[in-house]
There are 2 protein chains.
Amino acid sequence: MPRPRRPLLTRDRIVETALALIDADGLGALSTRRLAAALGVQGPSLYNHFATKDEILDAVADTVTVAVDTSGFASRDWLTALRDWAWSYRRALTAHPNIVPYLAQGPGRRPAALAMADAVYGGLVRAGWPPARATHIGAALRYFVAGSALGSFARGFVEDPELYAAHYPHLRQAHRLAEHQQSVDEGAFALGLDALLHGLAAEYTRTVDTVESARPNG
Amino acid sequence: MPRPRRPLLTRDRIVETALALIDADGLGALSTRRLAAALGVQGPSLYNHFATKDEILDAVADTVTVAVDTSGFASRDWLTALRDWAWSYRRALTAHPNIVPYLAQGPGRRPAALAMADAVYGGLVRAGWPPARATHIGAALRYFVAGSALGSFARGFVEDPELYAAHYPHLRQAHRLAEHQQSVDEGAFALGLDALLHGLAAEYTRTVDTVESARPNG
DNA sequence: CTCATAAACTAGCGGTGTAAGTTTTCATTC
DNA sequence: GAATGAAAACTTACACCGCTAGTTTATGAG
């Protein structure tokens, strides 16, 4: 088949289909040939639109990140903004957990990821956090959200009662974690996020408020 | 070459070499053929000692986990034990960051990972946390530690000043993050862990202490 | 001494990412 | 409107991948 009258592929169609395949069968199951087949095309044709497979994955990762809402940093207090962002971030990632290991490596050159980092860091600095602290806070929350979305904690435990009964006395009920996967994973996230933010709020009054009030114009 | 007089391979030697290759060149660069070559052997010979490549990776992941110290749960208060464990866990993972994406998928059937989960959960329950809360706390800390070790936050940002200058005003200094990688990553971890534990301590006095004192024998 | 097992080998299957070169169509310029 | 160069599909091919099957020979147990 030569060049068709109307292109069979577009970058958007490729990314969309790749995400669907990743969601359905996992990151490891995405090959250029399978992706091309799903698009009704031969493998190498993809390279007319992307230079490498990683470039496709970058685009997929960024479309997932686009869904993250950072608008709170423009309109709410920093603590509320942080909480809303963290939940939105988590929702975006858990909607497509299989891409998380790729995405979690950092923003790289992906526009949506960079825009998110920019909004978070900017919001924290504007709220009065010293730059170094703002970096640390953004990183710490990213650690927590990415870790929570990287894989289900609950599904990490095999559903085999005998495995635990023998050698791990406290894990006797671990084989039942999978049943309650969502409530376990989400409950752990909620608890951890609340604790984290509680601790940050205390730190804020301890450092930022103190510094503000010590300044002539504070 | 037929069966040699003394075995060329042992499970330990395979795991050791695999970890060294992963440390040096990344998880993606570990192939059975490259691993075998590093051991002075042909690829398929590995399958006399391990059934699949994943079984090798499981063994590698578990040797990394063995280094994690959970002894605090037997001798210290739960908050100190949690802090010591988290730091030890982080040190073990950051010593071999390339295996973290594999290891972070859950304990599976890996003995060291299960023993760690057992110690943490058991310690928290013994300290008075309700079982569901103990699960959440263990999961939340695992999220945070795994997320922090999954990849450097600092190295996630490209060292290209122009990338940021144009569109991401608050990230103007992001290209310099790599210079301070360790202090950024570790500072973020320290800040986040302190905040998390601070929040958990508050939660403890709010729930567990209250319940204890409300019980007849409290 | 016999013989099943263990531990290496070679050959090969179906799959991978991607480079190279071909063909035809589209869009632009004279 | 003709010429031309880029675009977008194709086929072929390479080097590598995990793993299976079958072969050979040394080992260790009966």
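Every chain is numbered from 1, with letters handed out A, B, ... down the list of sequences. None of the values given here were measured: they were computed from a predicted structure.
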**Request:** Could you tell me the separation between the CD atom of B/Q42 and the P atom of D/dT24, rounded to a whole number of Å?
**Result:** 17 Å
**Message:** What is the distance, to the nearest angstrom, from the CG atom on B/L35 to the C1' atom on D/dC19?
**Reply:** 14 Å
**Request:** Rounded to the nearest 0.5 Å, what's the gap from CD on A/E16 to CG on A/L39? Could you check?
**Result:** 9.5 Å
**Heavy-atom check, side chain of A/H175 versus side chain of A/V158, under 4.5 Å** = no
**Request:** Identify, residue by residue, the members of residues 12-28 of chain A with a heavy atom below 4.0 Å from DNA chain D, and return them in order of residue number, or none.
**Result:** none
**Prompt:** A/Y47 has a side chain; which of C/dA7, D/dC10, C/dG17 sits nearest to it?
**Reply:** C/dG17
Please tabulate, one pair per line, each protein N/O and nucleotide N/O from nucleotides 4-6 of chain C that are separated by under 3.5 Å, including the distance.
| residue | atom | partner | partner atom | Å |
| --- | --- | --- | --- | --- |
| C/dA6 | O4' | B/R3 | NH1 | 3.3 |
| C/dA6 | N3 | B/R3 | NH1 | 3.1 |

**Item:** Spatial distance of atom CD (A/Q173) from atom NE2 (A/H180) [nearest 0.5 Å]
**Value:** 10.0 Å
**Request:** May I ask you to test the B/Y164-A/L114 pair for a side-chain heavy-atom distance under 4.5 Å?
**Result:** yes
**Request:** State the CG-NE2 distance between A/D118 and B/H170, to the nearest 0.5 angstrom.
**Result:** 5.5 Å
**Asked** Looking at residues at least two apart in the chain, or sitting in another chain, which of them share a side chain to side chain contact (heavy atoms under 4.5 Å, CB included) with A/A119?
**Response** A/T70
I'd like a list of close polar pairs between nucleotides 11-16 of chain C and the protein, N/O only, cut-off under 3.5 Å.
| residue | atom | partner | partner atom | Å |
| --- | --- | --- | --- | --- |
| C/dT16 | OP1 | A/S31 | OG | 2.7 |

**Request:** Look at the side chain of A/N48 against the base of D/dA7 and say whether a donor-acceptor pair falls under 3.5 Å; ignore hydrogens and angles.
**Result:** no
**Request:** State whether B/H49 places a side-chain N or O below 4.0 Å from either non-bridging phosphate oxygen (OP1 or OP2) of C/dA8.
**Result:** yes
**Request:** Over all heavy atoms of both residues, which pair between A/A61 and A/L103 is shortest? Give the atoms and the distance, please.
**Result:** O-CD1, 3.8 Å
**Prompt:** By salt bridge (charged side-chain N to carboxylate O under 4.0 Å, His left out), which residues pair with A/R133, not counting sequence neighbours?
**Reply:** A/E203
**Complete:** Looking only at C/dA7, D/dC10, D/dC19, the nucleotide nearest the B/T52 side chain is D/dC19
**Prompt:** Roughly, in whole Å, what's the span from CG in B/L8 to P in D/dT27?
**Reply:** 12 Å
**Heavy-atom side-chain proximity of A/Y121 to A/I137 below 4.5 angstrom** = no
**Asked** Rounding to a whole Å, what distance do you find between B/L39:CG and C/dA7:P?
**Response** 15 Å
Only pairs under 3.5 Å count here: list side-chain donor-acceptor contacts from residues 185-195 of chain B, not counting sequence neighbours, and write none if there are none.
| residue | atom | partner | partner atom | Å |
| --- | --- | --- | --- | --- |
| B/D185 | OD1 | A/Y143 | OH | 3.3 |
| B/D185 | OD1 | B/F153 | N | 3.1 |
| B/D185 | OD1 | B/A154 | N | 3.2 |
| B/D185 | OD2 | B/S152 | OG | 2.7 |
| B/E186 | OE1 | B/Q182 | NE2 | 3.4 |
| B/D194 | OD1 | B/R83 | NH2 | 3.0 |

**Message:** Does D/dC10 have its OP1 or OP2 closer than 4.0 Å to a side-chain nitrogen or oxygen of A/S45?
**Reply:** yes
**Prompt:** Does A/E179 pair with A/R176 as a salt bridge, N-O distance under 4.0 Å?
**Reply:** yes
**Prompt:** Between B/G43 and A/V41, who's closer to the 5' end of DNA chain D by nearest nucleotide?
**Reply:** A/V41
